[in-house]
Amino acid sequence: MTYARQLHLSRRAFCLCCLGATTFAASGGWLTPSEVFAQAKGIVDGMRSEAVTALIKVHKLRGNISVLEGSGSNIAVLTGPDGKVLIDAGITASQRRILEALSSLSNDPIRQLINTHWHFDHADGNEWLHKEGATILAHENTRKHLANATRVEDWDFNFPQSPSDALPREVFSQSRTLTANKTTIALKYYGPAHTDSDISVTFEEPEILHTGDTYWNSIYPFIDYSTGGSIDGTIRAAEANLEAATASTIVIPGHGSPVSNKAELQQFRDMLVKIRDNVAALKKAGRSLEDTIAAKPTAAYDAKWGQFAVSPALFTKLVYMGV
């Protein structure tokens with residue numbers, strides 16, 4: 001779907017974030033994630049429900065690479081005679097529309113799927129894509145989380161063990177390089193960042209970098225502390241992305257407008273650092289979580305970054321947890 005419609009729908013699905021901030025302002029108390037989810041539709045069920053009718057928008061980049069926008073995460077696609085290579089799988093409920101979008105690009109069969117990390121909006125479609133012919137490749141921690149029941153505390157959600165066909169058959173620990181359709185694809189582990197399983201994917205010749213959820217374009221990111229994420233790790237990943245990019249690099253974020261660049265990456269990194277420092281100063285001064293949220297340490301950034309799934313209050317909470 002178009003970004004404007006995705007934003008509208010996602011705001012409905014993610015109304016818990018606004019609910020949490022509103023309740024805090026009205027009551028003077030901060031709801032825990034579990035309490036917020038008790039009053040709003042859960043993020044996972046909400047996104048899966050929206051994916052049933054979500055439109056998929058195709059953005060053609062360069063070097064036979066495109067981005068599919070609309071099913072959870074931004075999905076990159078490399079086409080060519082060796083078969084299609086997909087970066088991330090989106091949400092299963094969008095299967096028919098994803099297949100239609102893929103067919104609009106070429107008749108090449110689906111041969112490879114790379115997961116940037118384990119979260120459901122990036123790996124929910126693994127099983128059906130494997131049945132379509134994709135070999136799944138990911139970091140070893142992605143397989144670990146998919147192969148076991150895993151809880152995300154801030155989503156108040158327990159993910160069951162994934163079916164065997166949804167599990168990556170190939171894994172790596174630090175880096176991997178492969179070639180397809182005359183394109184070199186370099187995979188690199190960030191270390192713990194948004195989760196403990198995040199990797200970057202660089203299409204070297206066309207100079208395109210897919211960051212997964214280590215970069216959210218113009219929106220506050222979610223940080224999954226339950227599976228190894230942290231604010232400092234997210235900042236380190238942002239700095240690694242800046243080091244890997246040049247002025248001519250096309251950057252594909254995990255969420256937000258799917259075509260970005262180094263200048264916007266820099267803005268993301270700078271926002272993270274400033275808010276972390278603001279929150280750290282308040283916490284060091286002895287402020288409670290509730291007092292820190294009330295002090296609005298994100299205020300200078302909220303108009304741009306705080307209008308999507310992660311509200312200023314929730315992002316403040318996520319940063320507070322890690323400083």
Side-chain angles (χ1 to χ4, degrees), residues 1-8 10-11 14 17 57-63 65-77 87-88 116-117 119 121-122 186 188 190 193-195 198-204 206-223 229 231-278 297-312 314-316 318-319:
M1 60 186 148
T2 64
Y3 184 61
R5 176 164 170 75
Q6 184 184 23
L7 188 61
H8 171 70
S10 296
R11 280 175 176 162
F14 289 108
C17 302
K57 184 175 181 179
V58 177
H59 303 260
K60 293 188 178 182
L61 305 181
R62 59 190 179 210
I65 296 170
S66 301
V67 179
L68 308 185
E69 175 192 12
S71 179
S73 59
N74 292 322
I75 302 170
V77 185
I87 313 303
D88 285 335
T116 61
H117 63 292
H119 279 163
D121 50 331
H122 298 254
K188 188 173 181 179
Y190 288 103
H194 162 70
T195 68
D198 302 287
I199 64 169
S200 63
V201 181
T202 301
F203 298 96
E204 292 189 349
E207 250 194 298
I208 296 174
L209 169 66
H210 197 312
T211 67
D213 277 6
T214 67
Y215 172 40
W216 296 43
N217 189 7
S218 298
I219 50 181
Y220 289 139
F222 178 67
I223 301 171
I231 180 60
D232 285 339
T234 300
I235 291 171
R236 286 192 294 269
E239 292 171 344
N241 289 331
L242 283 169
E243 185 176 348
T246 70
S248 59
T249 301
I250 295 175
V251 181
I252 303 171
H255 297 278
S257 183
V259 185
S260 188
N261 53 51
K262 186 172 185 176
E264 292 177 340
L265 268 177
Q266 185 71 58
Q267 294 172 18
F268 178 72
R269 180 266 177 197
D270 293 348
M271 174 274 295
L272 293 175
V273 170
K274 182 61 177 176
I275 292 177
R276 178 197 61 186
D277 292 350
N278 289 349
T298 66
Y301 298 92
D302 291 346
K304 176 178 180 178
W305 300 88
Q307 306 303 311
F308 192 61
V310 178
S311 70
L314 178 56
F315 188 57
T316 299
L318 293 171
V319 176

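All of these numbers come straight from a predicted model, not from anything done at the bench.
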So, does [X] use its side chain to make a donor-acceptor pair with the main chain of [Y] at under 3.5 Å?
X: Asp198; Y: Gly212; answer: no
X: Ser73; Y: Asp121; answer: yes
X: Thr246; Y: Ser248; answer: yes

How close do [X] and [Y] get, counting heavy atoms only, and between which atoms?
X: Pro221; Y: Leu318; result: O-CD1, 4.1 Å
X: Pro253; Y: His210; result: O-CE1, 4.3 Å
X: Ala245; Y: Leu265; result: CB-CD1, 4.2 Å
X: Asp232; Y: Arg276; result: OD1-NH1, 2.9 Å
X: Ile223; Y: Ala193; result: CG2-O, 4.4 Å

Find out whether [X] and [Y] are in side-chain contact, i.e. whether some heavy atom of one side chain is under 4.5 Å from a heavy atom of the other.
X: Glu264; Y: Asn217; value: yes
X: His255; Y: Phe222; value: no
X: Asn278; Y: Thr298; value: no
X: Val58; Y: Leu68; value: yes
X: Asn241; Y: Thr214; value: yes
X: Pro297; Y: Thr316; value: yes

Value rounded to 0.5 Å, distance of [atom1] in [X] from [atom2] in [Y]:
X: Gln266; Y: Glu239; atom1: CD; atom2: CD; result: 9.0 Å
X: Ser218; Y: Gln307; atom1: OG; atom2: CD; result: 11.5 Å
X: Ile235; Y: Asp270; atom1: CD1; atom2: CG; result: 10.0 Å
X: Phe203; Y: Arg62; atom1: CZ; atom2: CZ; result: 12.0 Å
X: Thr202; Y: Leu209; atom1: OG1; atom2: CG; result: 4.5 Å
X: Trp216; Y: Phe308; atom1: CH2; atom2: CZ; result: 7.0 Å

Problem - Exercise: do His59 and Asn74 side chains pair donor with acceptor under 3.5 Å - result: no
Handout entry: Pair His119, Asp213: side-chain N/O donor-acceptor within cut-off below 3.5 Å
Key = no
Problem - Stepwise side chain to side chain contact (heavy atoms under 4.5 Å, CB included) check, Leu272 with Phe315 - result: CA-CA 10 Å; Leu272 293 175; Phe315 188 57; 3.8 Å; yes
Problem - Passing option when Pro206 is tested against Ile250, Ile65, Leu61 for side chain to side chain contact (heavy atoms under 4.5 Å, CB included) - result: Ile65
Problem - Whether over 12 other heavy atoms sit under 6.0 Å from Lys304 NZ - result: yes
Practice task
Using a cut-off of 6.0 Å, state whether more than 12 heavy atoms not belonging to Lys262 lie near its atom NZ.
Solution key: yes
Problem - Residue that, paired with Tyr215, satisfies ring pair (Phe, Tyr, Trp, His ring centres under 6.0 Å) out of Tyr190, Phe268, Tyr220 - result: Phe268
Exercise for the section: Show your working on side chain to side chain contact (heavy atoms under 4.5 Å, CB included) between Ile87 and Thr116 and close with a plain yes or no. Expected result: CA-CA 7 Å; Ile87 313 303; Thr116 61; 3.7 Å; yes
